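Structure first, then comments.
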Amino acid sequence: MKIGELANKAKCTTETVRFYEKAGLLPEAGRTESNYRSYCPKHLERLRFVRNCRALDMTHVEIRALLGLMDTPADGCGAINTLLDEHIGHVDARISELTRLKAQLTDLRLQCQSEQAVDACGIVQGLSAMQTQAQTEKHTHVG
């Protein structure tokens, strides 16, 4: 199948297919005599796998690790469990960060309870008065 058909079946764009090829997450496609990329069902299966991993917010590094582990199907799946446990830890850390962010925003929102001039707005004043924090170390794999 051509790239457009592959993308359509995987419910993505042709740019996504090319991106994953360049990132090494999809094997290179064969070429037809007229130099079009030619994909097979294995490409579709791999593309769907990668897209499912990305939908779960896995990084390319995590996906590559999973793909590498899948290359030895007779091995135990302990490393896969460990990888997923670590990813769950990243998600937990991100939830914590987002919870703190929500609390900050809620506190800020409480600073302005009525319609008034912008220069009297408690939110604007609160943002202006906030001390800039040093960038905290993130404990997730998200930049």
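One-based numbering along the sequence shown. From a predicted model like this one, the values you see are computed outputs, not experimental measurements.
Taking 4.5 Å as the limit, every side-chain heavy atom of Leu69 sits out of range of all side-chain heavy atoms of Asp75. No side-chain heavy atom of Lys102 sits less than 4.5 Å from a side-chain heavy atom of Leu98. Side-chain contact check for Leu67 versus Leu25: some heavy-atom pair is nearer than 4.5 Å.
Side chain of His87 to backbone of Glu62: no donor-acceptor contact under 3.5 angstrom is found. Although no hydrogens or angles enter the test, the distance criterion places a donor-acceptor pair under 3.5 Å between the side chain of Arg109 and the main chain of Cys112. Between the side chain of Arg54 and the main chain of Ile63, no donor-acceptor pair closer than 3.5 Å is present. Checking side-chain atoms of Arg48 against main-chain N and O of Lys9 turns up a donor-acceptor pair under 3.5 Å. The main-chain N or O of Asp119 is found under 3.5 Å from a side-chain atom of Gln125 such that the two form a donor-acceptor pair.
Distance CE/Met58 to NE2/His90: 11.0 Å, rounded to 0.5 Å. Put simply, CG on Leu66 and CZ on Phe49 are 5.0 Å apart, with the number rounded to the nearest 0.5 Å. Remark: Ser38 OG to Glu5 CD distance equals 9.5 Å, nearest 0.5 Å. With values rounded to the nearest 0.5 angstrom, Ile80 atom CD1 is found 12.0 Å from Asp85 atom CG. Note that CD1 of Ile88 and CG of Leu83 are 10.0 Å apart. Values are rounded to the nearest 0.5 Å. Atoms CD1 and CG, from Ile3 and Asn8 in turn, are 12.5 Å apart once rounded to the nearest 0.5 Å.
Met130 is connected to Ile123 through a chain of hydrophobic side-chain contacts under 4.5 Å among Ile, Leu, Val, Met, Phe, Trp and Tyr, so both are in one cluster. Following chains of ILVMFWY side-chain contacts shorter than 4.5 Å, one cannot reach Leu26 starting from Tyr36, and the two form parts of different hydrophobic clusters. No continuous path of ILVMFWY side-chain contacts below 4.5 Å connects Val124 to Leu110, so the two sit in separate hydrophobic clusters.
Among residues at least two apart or in separate chains, salt bridge (Lys or Arg N to Asp or Glu O under 4.0 Å) pairs with a member in residues 34-46 are Glu21-Arg37.
The environment of CD in Gln116 is crowded: more than 12 heavy-atom neighbours from other residues, nucleotides or ligands sit within 6.0 Å.
A pairwise comparison of heavy atoms in His43 and Leu6 identifies C-CD1, 4.1 Å as the closest pair. In terms of heavy atoms, Arg64 sits closest to Ala23 at NH2-O, 2.5 Å. Summarising the geometry of Gly4 relative to Thr14, their closest heavy-atom pair is CA-CG2, 3.8 Å, with the distance given to 0.1 Å.
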Exercise for review: Would you please test Thr16 and Thr13 for side-chain hydrogen bond (donor to acceptor under 3.5 Å, both in side chains) and show each step?
Suggested key: CA-CA 5 Å; Thr16 299; Thr13 65; 3.0 Å; yes

Exercise for review: Could you give me the CA-CA distance, side-chain angles and deciding distance for Leu47 and Tyr39, then say whether side-chain contact (heavy atoms from CB on, under 4.5 Å) is met?
Suggested key: CA-CA 11 Å; Leu47 181 56; Tyr39 298 92; over 6 Å; no

